[in-house]
Structures are given as structure tokens and as C-alpha cells.
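Just so we're on the same page: letters track the sequence lines, and every chain starts at 1.
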2 protein chains.
Amino acid sequence: MTDERRRKNKKATIYDIAKKTGTSTATVSRVLSSSGYPVKEETRKKILKTAKELNYTPNIIGRMLKKNDSRDIGVIIPTISNPFYPQVVLGIEMEARQKGYNILLCNSLRDPAIEKKYIETLYQKQVKGIIISSAGDNGNDEFLQEMQWMGLRIITIDHDIKGIGCGMVGFDYKKGGMIATEYLISCGHRNITFITSPLTRASRRDTMEGYRQALMNNGIEAREENILVGEREEEYESAAYEFENGKMMVRKMLQLDEKPSAIFAVNDMTALGAIQELVNSGFDVPGDISVIGFDNIEVSSMVNPPLTTVHQPAFETGKLAFGMLLESFEDPGANGGEDGHTWGDNNKNRNIIRNTILEPSLVIRKSVAVI
Amino acid sequence: MTDERRRKNKKATIYDIAKKTGTSTATVSRVLSSSGYPVKEETRKKILKTAKELNYTPNIIGRMLKKNDSRDIGVIIPTISNPFYPQVVLGIEMEARQKGYNILLCNSLRDPAIEKKYIETLYQKQVKGIIISSAGDNGNDEFLQEMQWMGLRIITIDHDIKGIGCGMVGFDYKKGGMIATEYLISCGHRNITFITSPLTRASRRDTMEGYRQALMNNGIEAREENILVGEREEEYESAAYEFENGKMMVRKMLQLDEKPSAIFAVNDMTALGAIQELVNSGFDVPGDISVIGFDNIEVSSMVNPPLTTVHQPAFETGKLAFGMLLESFEDPGANGGEDGHTWGDNNKNRNIIRNTILEPSLVIRKSVAVI
DNA sequence: CTGAAAGCGCTAACAT
DNA sequence: ATGTTAGCGCTTTCAG
């Protein structure tokens, strides 16, 4: 009966192969899942042959359910259209592919509701772990924490999850901010404007902190009117917004009593906006005003003038994040104990936390002049 | 025994809830999967409450196996670092999320082996369909065809799969090529160079065809030395390569006896390379030489000068592709027949093929001068 | 070296 | 309205 229903229209299963070869599903499974389990050469051959004939291809879902193990990981980012993320994602995927993992890509648009939904779905889909970049500042921290309790492996990019230790790969924004500012100073600039989109994220605040610090270290007063912060824009994080904001901040800057000789933009997109507005207003970059960016997105070397900027290793970030995730699979963690008791509050050693902070470096191109 | 093993360390299942509420798994399933099946309000409440207490969250894998239905789709593209694709992927995901689907992202790097492996894996992971953009020209056509036979739904972007009818969303490259060229002509240009990366893809050949056609239509001779094709570079498709190629082609162009007044680049990245090389060589764009691109990637409006180009609606492409995929789920298709006989060769009506060809449009910015 | 059988978590007839 | 039961496709003891 059940036999009849098979081979009707459905894909072949190990059951079909067992039937056809006069063996058992156990044996078929053993050869087809390349378990290394000893099977007589003859039988193996026959099974392999029949599998081919029947166009057999394993159903991973069955295996997943049985082994309670998955080869998928979730990747949650604000939006892939922000040119920083494609490189990150590529870095993750290059590593993941090599290790036999697949990526479920999720764009949260920094909307906490969307993000939460994604986390939930990923969890239900039994992903083995997730790499998340929009975390922090947005209220899903407790939720993530819960998920981690329940066994989900989490690696964050650029943000700590408050309260729990989960791996993270970060970037030294403050140092980056200092490097950029110090370079400007070393080129003879004293009056430097910092332009940024709203300071809703720690990374931006840190970068600004670096700017301040560098000025202070060099005995330059950090005047508040030299820090131009974009309006809170509820539109989702997009390249277009950063660009527009750059233009807007330049317009604001142009009204300053004392015009700066250099602009430090919180990211490359903003820098591009600034340059365009400057050019439109008849200024030469860097002839009249210098501009330095932050991120070193791929196009920053392709624009005119090529942008001097601070390199943030996006691809490396992705690779590292996946590497850390992989390592975390090794740890016993919340769900791994033999006895099954949940670790209670002695969770200090629960996750071996290996945070990695990537270092910024300066990329000198042609958008900054020596004065 | 089996009861004991539960609650050990594992996540709660409907079985646990049934146990705890003194009901059956059937009932629990009915309420927790919001099946709409009638359940006494009291029981429902109790189950919901217990589910919360036990921190229950459904295991989609179990459901998938049972229902033989998945909510994942695969997306295969050359590389997300090519700035055309993030928009496509975003378009796909925006639609997909709304319909409750998730995206497995795969970067093939145009390597047929990688691509094949991905297709295979996706199939085994029981994705409901795939959207593929690197298809064509690379030898995986028969394989894809087989997969389609076996019930995989496939939508291609920009390329037919020879031999089978599967949905595709394409773009009228030839028309785009004509539009660009005609615009140049209308601006007074007669001597126009077409620069391109290797003609390994139909899209590039079509664009060139459009260029030729437009010249012909306007009684301008299409001289072969005005068509500059990059060396076959076996490096994978990257933005950097296109950019470098643009520079290289300009260097070649600069050696031409009769210098053109305008350059038509096969894509925006190539155009950016061309502009940079031109500027480096002391030319003004568009003062001395005009440049027109193709694609209208997001940054093309942010560079200096803002690039005049042909708009290819990447986001729309993604949205449409997912829409078509969704529609294809409705069709009975290869696996849907009640009787299970495979349709043999009367596969004409097997898939209702709804190809969509998107139309190009001109985006005039500032990289082309009227002469 | 092989097979029988249990069962991963869930749903859906088919009773009742 | 609820429970029983039979699997979905696969792996893995446990016995031979």
C-alpha cells in the first residue's frame, strides 16, 4: 500500500532503493551518506547504481530532523544595499561554502520588528547560528539573549549584546577617527569639520570621539559648531540617505562663519555627498577644501578625486565572523551539557568569548591636500 | 523512557505540551499551527499558556518533512560585490519576506562547478524554487533542466535556459545599447568608441549590437577599431575588474589615430574606470571627451561628474523575479500530476512561460557634452 | 557485513 | 471537539 504510493510521483527515497536492491534502508543509508561504515563492495556498487538510475538525491530535511543538526546559518544585516555589507556577506559566504554551510540572508532595514521576526524564523528553521550586524541600540537585545539561552549561537558584528557574552567582531572606530583626524592635522589642517548622520549608533559616536580626541591631543579646540549632525531621518538606512546627508551637511557648513579647510565624513557615502555638493558650489576638492572618508568601500577608489579614507576590512570582518561562529559550534554551550541542567547563573565560562577588534588603517588617495 | 529523554536538555515539542496539558499532540498541533481547526476555547488557552511556559517554539523542520513543503528559495548570483546585484537581491527579499519566504544566498563567482554544487545543495535542501542569474553561457543548462524536470521551480534573470521553458525576467540590452548610442549621436557625436569586458555574455553582445544598430540607423560607419574588447580575464567577475578594464580600454583608445569624442561603456563600473583614466591623462569629462555608462548603479549619481547612463531596474528585476517564482508555485508543473506520469515530450504546456523583458531608459546627468 | 525497528517533530486522516 | 495513529525521509542503536 505504502509501496504503491511511492514511485507514483515522488522523488526516490532510500526506501525505494532498498526495495529495488533487496537490501535495507539501513544499508542504503550507510553507503549513500558516505558514513564510512563498512558495506560489502558488491552491495555498495549495486546501491550506487540503483541510486543513479532512480535519480536519487538525498532529502536533507529528513537528515536534519533525525540528526537534529543543520548546515544553515542566518545572516542579519541592515541592508545589502549599503555598500559596506556586500563585502561582509561575501566574506561570510566564502568561508561558509568551504565548510559546507549555507547562508540565509536577512535585511532588517534596522526595523526592530522585522529583525525580531527574522531571528525568530531563523531559530525555528533550526539554523545552527546567526551572524547579526544590526544588533544593539534597537531593543532586541533581551530577545537575542533568550535565543542564546536556548542554544542559538550568535556572533555580532560591531555591537555587543548587553548582558551576555557572545562572540563579536568589532572595529576600533575611535582609533579610526583619530587616524583620519591626525592625518588631516599632519597635512596642516586646523579647522576641520566632522559631518555625520544621526548619532544613533555607537560606531558613529566612537568615530566622533576619535575626532575629538585627536584634536585635543594636538592642542586644537574642538568647537561644537564644527560638528554637524544630520537630522534624525526615520527612513531606513540607505546609501542614498547617507549621500544626501553629506550634501546637506556641506550646505550647513557653507554657512559657518569660519569655513574649514577640511571635512571628515563619518563614512564614504557621506563623503561622496559632501564632495558633490562642494563641486556643485564651485569648490575644488581638494584644492579648496579637503575631504576624508571612512570605510573604504570599493567605489571610493573609483571616484574623482579618489577618496582618502580609513580602511575598514569588510571582507575580513565577514570571514572572521564566520570563523568565530564555527568555533562556537564546538563549545558545549547552553544546550550541550550531558546532564542537561541549564547552567544557571554560573554562565561565566559558558561561552568562551573571543572578541576580535579589527584595526583601522589609513588609505591615502587624492581627496586631501597638504596646506 | 522516551519521556525521560525529553525535557532533559531538548527544546520543548508539542509532545511535551500535550503531556503537560493532558491533551494530544493532534490538538496541540491544531492550536499551535493556527490551523483554524476548531478547539475548545478552554483547551486552547491552556495549551497556549503551557507553550509559553515551556518556551515552546515550533520546529519548522518537522513541519517541512511532514508537509513536504518549504518556505525557502535559493538565489544564485555571480557575486554580491557587483553593485548591480545588491538591489536585485533586495528586491527579491522585500517581496519574499512579505510572502513568508526566506532567501538562501549563493555567490557562484560564475564558476560552473560552484554553481552546480549550489544548485544541487539547494535542491536537496528542498527549496521551493530558485532564482538564478549566472545561468547561460556556462554549461549548467542541462543540469538545471534536469532539476526542473524533478520539480524545481526556476526563474532566470537575463538568460534563457536553452531547451526548457522556465520563467525569466530579462532586459532589452540591445535597445539599451541603441538608446545610449542614439543619445550620443543626438548630442553631436559621430566618432564613438564602445568599450567592453570580454564578450562572454549575451548581454554584452546585445548591448554592442544596439550600438552598431544605432550607428547604422544614423548612417554612421561602425568601424571595428572603435570597438575595444577587454582581454579574457579568468579572474572572477568583480567590480574591480570591470573598473580596471575601463582604464585599460581607455589607454588603448588613446592610441587610436582618430580619437573619439565620446565613449560608450558596457557598464557603469567600466565607465568609472574610463573616466578615471581620462582624468589622469589630463582630459576633462565631458569637456574633452564624453562618457556614457550602462546599468545605473546607485553610485553612478554620486560620482563626479554624475554619470549619464542607461537605467536597468535592478530592484524591479528582483521583485518581478520573485513574483514570477511565486506564480510558478501555482502551476501543476512536472511533479504535480495526480497520476504521476511524467509529461513526456508534450511539455509545451508544462510551464506557462511568462517572460518579462524590462525596458531600458536613459538617465541624463553630466558626463556627456553637446558638441 | 546486514537488517529490523525506533524515532527526530510535526500534521492529517480517520475515528470517536 | 478531541484523540489515535500513521507516516514524511533519514540515521542509528541493537541483534544477528
Worksheet item: In terms of side-chain heavy atoms of A/Lys66, which of D/dG3, D/dC10, C/dG9 is nearest?
Response: D/dC10
Worksheet item: Where the side chain of A/Ala26 is defined as all heavy atoms beyond and including C-beta, which of C/dA4, D/dT11, D/dC10 is the nearest nucleotide?
Response: C/dA4
Measure the distance from [atom1] on [X] to [atom2] on [N] and round it to the nearest whole Å.
X: A/Ile61; N: D/dT11; atom1: CD1; atom2: C1'; result: 15 Å
X: A/Gln126; N: C/dG9; atom1: CD; atom2: C1'; result: 9 Å
X: B/Arg44; N: D/dA1; atom1: CZ; atom2: C1'; result: 11 Å
X: A/Lys125; N: C/dC8; atom1: NZ; atom2: P; result: 23 Å
X: B/Lys19; N: C/dG9; atom1: NZ; atom2: P; result: 15 Å
X: A/Ile14; N: D/dT12; atom1: CD1; atom2: P; result: 11 Å
X: B/Asp69; N: D/dG7; atom1: CG; atom2: P; result: 21 Å
X: A/Leu65; N: D/dC10; atom1: CG; atom2: P; result: 12 Å

Worksheet item: Does A/Glu42 CD have over 12 foreign heavy atoms under 6.0 Å away?
Response: no
Any side-chain N or O of [X] less than 4.0 Å from the OP1 or OP2 oxygen of [N]?
X: B/Ser24; N: D/dG3; result: yes
X: A/Arg63; N: D/dT11; result: yes
X: B/Tyr15; N: D/dT4; result: no
X: B/Thr13; N: C/dG9; result: no
X: A/Thr43; N: C/dT2; result: yes

Worksheet entry | Interatomic distance, B/Ile130 atom CD1 to B/Leu152 atom CG [nearest 0.5 angstrom] | 5.5 Å
Discussion item. With a 3.5 Å distance limit and no angle check, can you tell me whether A/Asp111 reaches the backbone of A/Ala113 through a side-chain donor-acceptor pair?
Written reply: yes
Practice prompt. Please assess A/Val39 against A/Thr27 for the test side-chain contact (heavy atoms from CB on, under 4.5 Å), listing each intermediate value before the final yes or no.
Written response: CA-CA 7 Å; A/Val39 172; A/Thr27 309; 4.0 Å; yes
Worksheet item: Got a sec? Which of residues 29-40 of chain A come in under 4.0 Å of DNA chain D, heavy atoms?
Response: A/Ser29, A/Arg30, A/Ser33
Fill in: B/Lys128 to B/Tyr101, cation-pi by 6.0 Å centre distance and 45° axis angle
no
Worksheet item: Within 45° of the ring axis of B/Tyr56 and under 6.0 Å from its six-membered ring centre, is that where the NZ or CZ of B/Lys11 lies?
Response: no
Fill in: Carboxylate-amine/guanidinium proximity below 4.0 Å for A/Glu53 and A/Lys49
yes
Worksheet item: Looking for any heavy atom pair under 4.0 Å, which part of the strands does A/Asn68 touch: base, sugar-phosphate only, or nothing?
Response: nothing
